[in-house]
Amino acid sequence: MVPSVLPADFSRLGEECAALADAGVDRIQWDVMDGRFVPNLTFGPDVIAACRDRTDVPFEAHLMVEAPEELAHLYVEAGCQMLIVHAESTKHLHRTLGSIRDLGAQPAVALNPSTPPESVRYVLELCDMVLVMTVNPGFGGQAYISEMEPKVATLRRWITDAGLNCDIEVDGGIGPATISGAAASGANVLVAGSALYKDPEGLAHAVTELRGQATTAGGQAG
Ligand code: DX5
């Protein structure tokens, strides 16, 4: 389970990262938004760097920015082990993914809901993960788009047939009512924001419950 920190208390992000680590999450996702690729503005690299020593849990930066290749090094220097770039945000995706690997980070590619899986078919071997957005990026608390499940299944088939070691992550509207469908379609990494923070029994309970549901539905969930 990978939490999005978008619903967290921004006035104490370091403590929030430590609390997520204590809740047993596998990674922490930073939703980086530039106000251009998406109509919202969030975390610069300095904010992430300020939280880096509060936990050993790996950080992934979901770069919802135009021309991510221009900013990638700053997020690696800030302590992000994985960088996720949108296929729709960079002119030379193959080169951008390679440059992230050269920076010593894990490259991953994200697809907006309207983007077909074919757009990444020829770069899958460069990726440690593909992120299928199950909402239109830019905000938390939106409704899950179940029409993305066939796209996840197609990518899972391509990855399995090619014998690649590439995870599939889904992000957006993931919660108790939607996580099983996403996992059953082939996603093995599940991002959740509001579903984690609104659980009345707390973060650790939410992480355990959602991970259990995903594992039951899909057999392997991170
Ligand atoms: C949206 C972000 C998501 C979002 C998830 O652009 O990429 O990570 O914060 O939040 P929920 O789980 O509330 O949809």
Side-chain angles (χ1 to χ4, degrees), residues 1-10 13 16-17 19-20 23 25-44 47-48 51 57-66 68 71 75 80-90 108-115 129-149 151-152 167-183 185 187-200 202-203 205-211 213-214 217 221-222:
M1 285 301 306
V2 177
S4 155
V5 293
L6 215 51
D9 178 349
F10 286 12
L13 277 173
E16 293 273 40
C17 287
L20 288 167
V25 302
D26 300 285
R27 264 202 310 267
I28 291 175
Q29 183 188 84
W30 293 90
D31 287 308
V32 176
M33 303 179 187
D34 66 351
R36 293 165 51 211
F37 183 73
V38 290
N40 200 353
L41 204 53
T42 57
F43 312 112
V47 173
I48 298 176
C51 299
V57 168
F59 286 172
E60 64 177 45
H62 176 193
L63 300 178
M64 289 166 272
V65 303
E66 296 287 4
L71 297 173
Y75 285 93
C80 297
Q81 283 76 18
M82 178 179 275
L83 298 190
I84 308 169
V85 299
H86 269 263
E88 310 87 358
S89 69
T90 180
V109 63
L111 299 172
N112 282 340
S114 63
T115 304
M129 186 175 79
V130 179
L131 164 54
V132 175
M133 290 303 300
T134 44
V135 296
N136 287 293
F139 305 95
Q142 300 180 82
Y144 175 75
I145 306 173
S146 60
E147 288 77 13
M148 294 303 111
E149 291 174 3
K151 187 194 295 187
V152 172
D167 288 330
I168 300 179
E169 183 175 73
V170 289
D171 180 10
I174 296 294
T178 57
I179 197 166
S180 299
S185 65
N188 65 309
V189 182
L190 298 298
V191 175
S194 45
L196 292 183
Y197 283 90
K198 68 182 179 196
D199 185 319
L203 290 172
H205 177 265
V207 169
T208 305
E209 287 297 304
L210 289 173
R211 181 182 282 135
Q213 275 191 266

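Both ligands and their constituent atoms are indexed starting at 1 by order of listing.
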**Report entry** Ring centres under 6.0 angstrom apart (Phe10, Phe43)
**Finding:** yes

Query raised in the report: Considering only heavy atoms of Met133, which atoms of ligand 1 have at least one such atom less than 4.0 Å away?
Result: 7 (O)

Report summary line: Heavy-atom closest pair (Asn40 atom, Met33 atom, distance to 0.1 Å) is O-CB, 3.3 Å

Query raised in the report: Got a donor-acceptor contact below 3.5 angstrom from the Asp34 side chain to the Glu66 backbone?
Result: yes

Report summary line: The closest protein heavy-atom partner of atom 12 (O) of ligand 1 is Gly193 N, 2.8 Å

**Report entry** For atom 14 (O) of ligand 1, closest protein heavy-atom neighbour
**Finding:** Gly173 N, 2.8 Å

**Report entry** Backbone N/O of Thr115 and side chain of Lys151: donor-acceptor pair under 3.5 Å
**Finding:** yes

Report summary line: For atom 1 (C) of ligand 1, the closest protein heavy atom turns out to be Phe139 O, 3.4 Å

Report summary line: A student comparing Leu196, Asp171, Thr178 should find that the heavy atom closest to atom 4 (C) of ligand 1 comes from Asp171

Requested in this report: Would you confirm whether Ser4, through its side chain, and Ala192, through its main-chain N or O, come within 3.5 Å as a donor-acceptor pair?
Outcome: no

Query raised in the report: What atoms in ligand 1 come closer than 4.0 Å to a heavy atom of Gly141?
Result: 11 (P), 13 (O), 14 (O)

Report task. Could you list the atoms of ligand 1 found under 4.0 angstrom from a heavy atom of Gln29? Result -> 8 (O)

Query raised in the report: Would a distance-only check, ignoring hydrogens and angles, find a side-chain to backbone donor-acceptor pair under 3.5 Å from Thr178 to Tyr144?
Result: no

Requested in this report: List every atom of ligand 1 that sits less than 4.0 Å from any heavy atom of Ser4, numbering the atoms from 1 in the order shown and giving each element.
Outcome: 8 (O), 9 (O)

**Report entry** Proximal ligand 1 atoms for Leu6, defined as those under 4.0 Å from one of its heavy atoms
**Finding:** 9 (O)

Query - Glu169 side chain to Val189 backbone, donor-acceptor under 3.5 Å - result: no

Query raised in the report: What atoms in ligand 1 come closer than 4.0 Å to a heavy atom of His62?
Result: 7 (O)

Query raised in the report: Quick one: nearest non-hydrogen protein atom to atom 6 (O) of ligand 1, plus distance?
Result: Gly138 N, 2.7 Å

Report task. Indicate yes or no for a side-chain donor-acceptor contact from Thr134 to the backbone of Val170 under 3.5 Å, with no hydrogens or angles considered. Result -> no

Requested in this report: Provide, to 0.1 Å, the distance between atom 2 (C) of ligand 1 and the closest protein heavy atom, together with that atom's residue and name.
Outcome: Asp31 OD1, 3.5 Å

Query raised in the report: If you measure every N/O of Asn136 against every N/O of ligand 1, is any gap under 3.5 Å?
Result: no

Report summary line: In this structure, CD1 of Ile179 is separated from CE of Met1 (nearest 0.5 Å) by 4.5 Å

Query raised in the report: Any ion pair linking Glu60 and Arg27 (charged N to carboxylate O, less than 4.0 Å)?
Result: yes

Query raised in the report: Closest non-hydrogen protein atom to atom 10 (O) of ligand 1, residue and atom name please, with distance?
Result: Gly140 CA, 3.7 Å

Query raised in the report: What do you reckon, does Ala195 put a non-hydrogen atom under 4.0 Å from ligand 1?
Result: no

Report task. Just let me know how Pro137 lines up against ligand 1, side chain, backbone, both or neither, with a heavy-atom cut-off below 4.0 Å. Result -> both

Report task. Measure the distance from atom 13 (O) of ligand 1 to every protein heavy atom, then report the residue, atom name and distance (to 0.1 Å) of the closest one. Result -> Ser194 OG, 2.5 Å

**Report entry** Backbone N/O of Val2 and side chain of Gln29: donor-acceptor pair under 3.5 Å
**Finding:** no

Query raised in the report: Quick one: which ligand 1 atoms are inside 4.0 Å of a heavy atom on Gly172?
Result: 14 (O)

